[in-house]
Amino acid sequence: MLKVKYIRNNTEIVKKGLLKRNWSPEEINIVDEVLLLDEKRKSIQHKKDQLLSEIKTLSKQIGGLMQSGKKEQVEQIKASIPQIKKQIKTLDEEGGQVYAKLEELLLSIPNVPHDLVPPGKTEEDNYVYKDWTGPMPELPEDALPHWELAERYGLFDFKLGVKLTGSGFPVYRGKGARLERALINFFLDQATTAGYEEIWAPLMVNAASARATGQLPDKEGQMYHICKDDLYMIPTAEVPLTNIYRDVILKETDFPIKLTGYTPCFRREAGSYGAHVKGLNRVHQFDKVEIVQLQHPDHSWETLDSMVKHVSHVLDRLELPYRIVRLCGGDLGFTSAMTYDFEVYSAAQKKWLEVSSVSNFLTFQSNRLKLRFKDKEGKIHLAHTLNGSALALARIMASLLENNQTPKGIVIPEKLRPFTGFDIIQ
RNA sequence: GGUGAGGUGGGUGAGUGGCUGAAACCACCGGUUUGCUAAACCGGCGUACUCUCAAAGGGGUACCGCGGGUUCGAAUCCCGCCCUCACCGCCA
């Protein structure tokens, strides 16, 4: 969420940002509406504060008069108070409406894209920041997609998942399960080696946490909700990891804070079916290792670069062909100022699969999180938050299986072998 | 699930209707001094919104788990909710 103060001081920048996100001129008008409502809010608040102050002063007088026993004067003052209260009540009602509307509009305004974010509407317009220059995997014509490979080698089973839970809940078994666990360990080791603190977090969060990282209210439908206890299954480890620092005021010297964590991720994401979401490409439950950084505003862009490097490094070690794209305005997430997506090429499906998304949110998240830091002069500022997948397992699994299939079996990348304990799936 | 206790500033903790935005201590920051990895002393030390000011600063309001109520006035009284802790029950 953007601060009104920021919108007021940077009105044109905000509007340009919305334009880049393909908002129509009418839609962009809400920016002016916000400023207007805020003016209203201020003037109402100011009036109310004055009235409250008046009551406070009178009350203090009464305190004094009571002690000296001047009851008549006390009664006189008391008599004047109901009408002040009446005014306050009116202002409260008015102010409540203004505030609610203001809040609603503010929640609907997305983050301002960075200058480097290319204009555009769909993923077609994304800018290929780093293309794959190495060799492409060459597979025979009869190469199989991962869901068929899984069946042939008994690695995971969707039908069984349906029996246990429902569609989109794969059951991994045998070497498939082992490979999944190996990848998790490998990713976590990569992250901790890079200086990230490992966190083992709860998989359910309360509403306050979901709200702070922006899943509520806008993405309520994407989360599984346990009604009885009012808890939400996390859609990503970003939620618990980032919320560790909700309502925290850091010291400048605490930066950077680097966290990593493995969690399963739960996504309802109803509505999209078909070939492109087949197999592991899109599921309700998948595993992911997330990296999160909290950073000083002066350094968050370098940090974004370093996170991109980290993910690249991990993919290099898995020997997967990938490219990095910078998302265009239309494809950019609501809360992000800039996002790099990593796409791994799957030779059997003959397409690029998104496996990681690394973003800088600037202060957009920290504003709702109330994640701040104190500078040398003791002034309080919002920190910057960043996060990225390093990496999402399901699609890595898919592309790994597909790209590494040989007539003899599926070959495990060398760096992963210490984690799997086998070099080939036969 | 049952019973009991409790939620106050970074921490410990005082405070049961006005002089309390909140004692004291610890931590932290600044300074003085002492020849020794430290002590003593002095000073400072919440957040948000807002008004004013060129700025430094000054003023106002709100916040003592959350929401509501009583009252001229609430951290303090009343109601509802949430959470934490302890013990019992159940259990990986």
Side-chain angles (χ1 to χ4, degrees), chain A residues 1-9 34-103 105-107 200 202-212 216 225-232 240 243-255 257 264 294 363 365-383:
Chain A
M1 190 161 93
L2 295 176
K3 281 193 166 190
V4 184
K5 206 182 263 177
Y6 175 84
I7 297 176
R8 202 185 305 133
N9 296 335
V34 161
L35 295 180
L36 206 72
L37 281 169
D38 188 50
E39 286 306 317
K40 238 187 212 172
R41 194 209 96 234
K42 273 202 269 186
S43 92
I44 291 172
Q45 188 62 47
H46 191 61
K47 274 183 213 154
K48 187 185 160 186
D49 284 353
Q50 281 179 328
L51 293 172
L52 284 170
S53 169
E54 223 171 289
I55 289 184
K56 232 179 164 176
T57 315
L58 293 175
S59 296
K60 273 185 186 154
Q61 283 177 21
I62 289 176
L65 289 169
M66 289 287 266
Q67 281 188 334
S68 46
K70 294 176 183 164
K71 286 203 175 146
E72 266 176 44
Q73 285 188 38
V74 168
E75 290 310 315
Q76 231 174 1
I77 294 173
K78 273 194 191 178
S80 69
I81 287 187
Q83 60 133 335
I84 300 178
K85 283 199 153 178
K86 216 166 140 191
Q87 292 181 57
I88 291 177
K89 207 177 170 193
T90 319
L91 287 173
D92 267 343
E93 280 161 14
E94 218 180 311
Q97 281 174 12
V98 170
Y99 190 80
K101 183 73 190 161
L102 181 62
E103 193 72 5
L105 291 184
L106 279 174
L107 280 172
W200 199 268
L203 305 183
M204 294 185 223
V205 293
N206 55 31
S209 293
R211 201 170 302 119
L216 290 179
H225 183 204
I226 289 108
C227 301
K228 204 166 180 181
D229 300 290
D230 195 22
L231 294 172
Y232 295 85
N243 268 285
I244 292 175
Y245 287 91
R246 166 155 53 89
D247 292 321
V248 169
I249 298 178
L250 296 163
K251 282 179 285 186
E252 232 172 350
T253 49
D254 292 333
F255 292 123
I257 287 174
L294 314 181
T363 61
Q365 265 190 338
S366 55
N367 187 27
R368 266 211 251 179
L369 280 165
K370 294 208 175 61
L371 162 54
R372 295 164 291 177
F373 72 93
K374 216 172 237 184
D375 68 16
K376 287 179 197 96
E377 276 111 57
K379 286 196 178 154
I380 308 278
H381 309 274
L382 292 172

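Here is the naming used below: chain letters follow the sequence lines, and residue numbers restart at 1 for every chain.
Separating the CG atom of A:Asp247 from the C1' atom of B:rG10 is a distance of 14 Å, rounded to the nearest angstrom.
B:rA14 sits 40 Å from B:rC91 when the P atoms are compared, rounded to a whole Å. As rounded to the nearest Å, B:rU52 and B:rA56 have C1' atoms that lie 13 Å from one another. Taking atom C1' on both B:rG46 and B:rC28, the two are 13 Å apart, rounded to the nearest angstrom. B:rG13 and B:rC26 have their C1' atoms separated by 11 Å, given to the nearest Å. Only the P atoms considered, B:rG69 is 12 Å distant from B:rA74, to the nearest whole Å. Nucleotides B:rG18 and B:rU76 place their P atoms 12 Å apart, quoted to the nearest Å. Comparing B:rU84 with B:rU8, their P atoms sit 14 Å apart, to the nearest whole Å. B:rC25 and B:rG15 have their C1' atoms separated by 15 Å, with the value rounded to a whole Å.
To the nearest 0.5 angstrom, A:Ile55 atom CD1 is 12.5 Å from A:Ile77 atom CD1. Rounding to the nearest 0.5 angstrom, the gap separating the OH atom in A:Tyr232 from the CD1 atom in A:Ile226 is 10.0 Å. In this structure, A:Leu250 CG and A:Phe255 CZ are separated by 5.0 Å, a value rounded to the nearest 0.5 Å.
Within a heavy-atom distance below 4.0 Å of RNA chain B, no residue of residues 203-212 of chain A is found. For residues 88-102 of chain A, proximity to RNA chain B is found at no residue, defined as any non-hydrogen atom under 4.0 angstrom from a strand atom.
Residue pairs satisfying the salt bridge (charged side-chain N to carboxylate O under 4.0 Å, His left out) criterion with at least one member in residues 34-46 of chain A, sequence neighbours excluded, are listed as follows: A:Arg8-A:Asp38, A:Asp38-A:Arg41, A:Glu39-A:Lys42. Sorted by first and then second residue, the salt bridge (charged side-chain N to carboxylate O under 4.0 Å, His left out) pairs involving residues 77-86 of chain A (not counting sequence neighbours) form an empty list.
Scored by the side-chain contact (heavy atoms from CB on, under 4.5 Å) test, A:Thr57 finds A:Ser53, A:Gln61 as partners (sequence neighbours excluded). Residues passing the side-chain hydrogen bond (donor to acceptor under 3.5 Å, both in side chains) test with A:Glu252, sequence neighbours excluded: A:His296. Listed by chain and residue number, nothing satisfies the side-chain hydrogen bond (donor to acceptor under 3.5 Å, both in side chains) test with A:His46 (two or more places apart in sequence, or in another chain). A:Lys3 pairs by the side-chain contact (heavy atoms from CB on, under 4.5 Å) definition with A:Tyr6, A:Asn367, A:Leu382, not counting sequence neighbours. With sequence neighbours excluded, the residues satisfying side-chain hydrogen bond (donor to acceptor under 3.5 Å, both in side chains) with A:Asp230 are A:His225. Among residues two or more places apart in sequence or in another chain, the side-chain hydrogen bond (donor to acceptor under 3.5 Å, both in side chains) test is passed with A:Asp247 by none.
Looking at every heavy atom in both residues, A:Ala207 comes nearest to A:Leu216 through O-CD1, 3.8 Å.
A side chain to side chain contact (heavy atoms under 4.5 Å, CB included) with A:Ile44 is found for one member of A:Asp49, A:Asp92, A:Leu91 and no other, namely A:Leu91.
Across all strands shown, B:rG46 is found opposite B:rC63 as a Watson-Crick or G-U wobble partner, with both distances under 3.5 Å. When Watson-Crick and G-U wobble pairs are counted only if both distances are under 3.5 Å, B:rU70 pairs with no nucleotide at all. B:rC91: no Watson-Crick or G-U partner with both key distances under 3.5 Å is found in any strand. With both pairing distances under 3.5 Å, B:rA54 is matched to nothing as a Watson-Crick or G-U wobble pair. When both pairing distances are held under 3.5 Å, B:rA86 makes a Watson-Crick or G-U pair with B:rU3. Applying the Watson-Crick and G-U wobble criteria (two distances, each under 3.5 Å), B:rA14 pairs with nothing in any strand. If you check B:rA40 for Watson-Crick or wobble pairing at under 3.5 angstrom, you find it paired to B:rU32. Pairing of B:rG21, defined by two Watson-Crick or G-U wobble distances under 3.5 Å, is not identified with any nucleotide.
A 4.5 Å side-chain heavy-atom check between A:Asn206 and A:Leu231 finds at least one atom pair inside the cut-off. At a threshold of 4.5 Å between non-hydrogen side-chain atoms, the residues A:Leu37 and A:Leu105 count as touching.
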* What one-letter contact string describes nucleotides 43-66 of chain B from 5' to 3', where B marks a base within less than 4.0 Å of any protein heavy atom, S marks contact via sugar-phosphate atoms alone, and - marks no contact? -> ----SSSSS--------BSS----

* B/S/- contact track for nucleotides 69-74 of chain B, protein heavy atom under 4.0 Å -> ---BS-

